[in-house]
Amino acid sequence: MPRLLVNQQALRSAVQPAASGYVCLACRAQSQRHFSVSRRSRKEQLPFFKRLTKSIFGDEKSREASKKREDATRKRAEETVATGSVDYEQWVDEKGREWQRAAVVDPSINKDYKQSSDWAGLELIGGEQWVRERRDGGEQYIGFNPRRKTELTNEEWKNLLRHVIVEVMVAKQASLDLDTLTADREVDLDHWARTVGVTFEQKDGKLSMNFIKPGDRDLIVQALGLGVPTIVESEEATRAVDEAGEVVGFATDDIAASLEDKQPAAQDVADMAALDAQAKQRMHNIKIATQVTSGGSKHDLPAYAFMDPDIKLTIMKRVFQLTSHRLPDAVVSTASTPIDLYHAYITKPAPKKLAQTKELNKVKVSVPNVTVYSKRRTPIDKEKDVGRWKVIEEELLRRNLPVTGSRYQGAKTTTPLA
Amino acid sequence: MPLQALRTVTKSQNGVGAFILQCKRMEFHYCDWAGSSRGMNAFLKSHLQAFAKANPQVEITVSPRPGRHPVVRGLYMNGREKAVCVRNMEPSEIVQKATLLRNANGERLRRVTKPVKSVNESVRGVWDPFHGSQHRV
């Protein structure tokens with residue numbers, strides 16, 4: 001009814017001239033819409049009894065559809081008898097997708113088929129594991145980035161960034177699409193050694209890369225899977241320059257910067273027990289690569305500003321793909337050189353819990369009469385400290401009482417319900 | 001028969017000869033999220049080390065109590081405990097409360113009516129009717 005009143009008001013406003021002579025667009029649109037103020041005419045509906053019988057017993061149409069389905073099933077059962085096999089059969093649906101569906105067996109037709117009386121030896125269908133094996137055609141989805149962040153030391157971060165920057169610069173020099181750098185590739189230690197060993201220097205106002213060996217640049221491009229580059233070999237072939245002779249991707253400001261390690265040695269690699277084998281291996285290879293290529297760490301990262309934001313973003317994307325480390329937008333927007341990125345990556349986030357802060361860790365270590373707990377101390381913890389808990393637990397189990405929590409249907413208890 | 005002295009046992013008094021601090025343990029509870037625990041968090045970061053070093057005979061524990069106001073709890077030799085809620089307090093105020101608990105014993109807070117407390121009955125002897133000025137009726 002309120003809707004009716006609103007619509008009536010809209011109609012009235014649209015039809016009758018208003019005092020001010022103005023009708024808003026919404027009201028005009030409402031008045032032009034068709035609306036009904038009455039229920040469907042009873043003449044169009046079936047009588048009540050017929051509607052009831054239709055809902056219980058079905059009508060002609062539903063009976064025909066049901067018969068059609070039964071005929072199709074019977075036909076499939078007869079085909080099973082003809083083929084003589086009850087295994088899975090291949091089936092292609094209307095959209096061209098291939099499926100494996102179970103054969104239909106009708107014991108009344110197929111006399112040779114003997115039904116099993118128990119489930120011994122039969123295939124188990126269903127369950128989370130079963131779905132996981134068949135989902136996506138059995139392919140295990142690994143994902144773009146590792147599930148856990150790879151923890152690296154400061155030296156390893158330098159190596160990683162140097163490797164990624166060289167890859168980006170080589171791709172840029174070859175005028176290739178930077179998106180191809182983040183395609184899934186295996187970790188190749190030789191390729192890493194070639195990239196991490198590159199040194200950067202500024203000559204005559206231009207930034208250049210000095211490779212370990214003359215043919216390293218071509219090998220790097222091949223390793224990227226981009227094919228042999230079409231750059232003409234020249235005396236200055238190792239320079240990352242474009243047609244105008246300007247530095248490709250980096251500013252030529254003569255900024256002398258030195259790296260300062262802001263953080264102490266990093267933590268160990270995160271626990272990889274929960275990861276699947278392939279992702280684990282990939283992360284392990286990256287960690288090994290950054291450790292093995294430590295020879296390049298004596299050289300600094302280029303201290304030149306990013307000219308092209310695509311280069312900065314490609315570097316960050318590749319680092320994210322390898323280590324799962326993200327940087328906040330505020331940090332990304334203010335980072336103008338690879339050194340800024342390096343400092344951003346090695347800076348650890350502030351601890352969220354007071355028990356994890358530096359000050360409390362220091363107190364824990366330096367003062368012997370202080371004990372710092374990171375979790376809430378429950379009464380059970382206090383009883384365990386005194387040594388009384390095992391007695392309490394034993395008595396509770398003896399009396400068939402819940403050890404923790406209450407006795408509800410899903411309670412975790414060590415003894416079965418009485 | 002010569003006068004025999006009363007046999008009495010020495011009554012031990014804490015502080016005479018040796019002093020044992022009655023507060024044996026202090027617990028500091030804080031919350032990582034609540035705003036009322038800001039002062040306590042700052043106290044734990046800045047003042048706790050000095051307080052613990054100044055009181056090596058007191059066992060100190062620090063543990064979170066999520067979703068609750070910060071509390072300082074003292075446990076004493078007589079088995080009792082005293083707790084002080086230090087919500088919205090500054091670190092210096094929390095130091096004062098911690099010192100208060102550290103100095104207390106486990107006795108209940110009671111109103112003191114007598115100015116002097118002593119185990120000695122009297123200095124000049126308790127009055128008895130047989131000595132002193134005699135009253136004649």
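Order of the sequence lines sets the chain letters (A, B, ...), proteins ahead of strands, with each chain counted from 1.
- Note: B:Gln49 leads B:Gln49, B:His29, B:Lys53 in heavy-atom pairs under 4.5 Å with chain A.
- Few gaps surround CD on A:Glu395; more than 12 heavy atoms of other groups in view lie less than 6.0 Å from it.
- The residue among B:Ala52, B:Ser63, B:Pro64 with the most heavy atom pairs within less than 4.5 Å of chain A is B:Pro64.
- For A:Val367, the part lying under 4.5 angstrom from a heavy atom of chain B is the side chain only.
- If you measure heavy-atom distances from A:Lys375 to chain B, the contacts under 4.5 Å come from the backbone alone.
- Sparse packing is recorded around CD of B:Glu121, with 12 or fewer heavy atoms of other residues, nucleotides or ligands lying under 6.0 Å away.
- Considering only heavy atoms from C-beta on, B:Leu75 stays 4.5 Å or farther from B:Glu59 through its side chain.
- Looking at A:Leu354, both its backbone and its side chain come within 4.5 Å of chain B, counting heavy atoms on both sides.
- Contacts with chain B were tallied for A:Val370, A:Thr357, A:Leu360; A:Val370 has the most, counting heavy-atom pairs under 4.5 Å.
- Contacts between A:Lys352 and chain B at a heavy-atom distance below 4.5 Å involve the backbone alone (N, CA, C, O).
- No donor-acceptor distance shorter than 3.5 angstrom exists from the side chain of B:Asn41 to the backbone of B:Arg38, with no hydrogens or angles considered.
- Heavy atoms closer than 4.5 Å to chain A are found nowhere in B:Phe28, neither backbone nor side chain.
- Atom CZ of B:Arg87 has 12 or fewer neighbouring heavy atoms from other residues, nucleotides or ligands inside a 6.0 Å radius.
- A:Lys353 NZ: 12 or fewer foreign heavy atoms inside a 6.0 Å radius.
- Both the backbone and the side chain of B:Leu44 come within less than 4.5 Å of a heavy atom in chain A.
- Counting non-hydrogen atoms of neighbouring residues, nucleotides and ligands closer than 6.0 angstrom, the CD atom of A:Gln356 exceeds 12 such neighbours.
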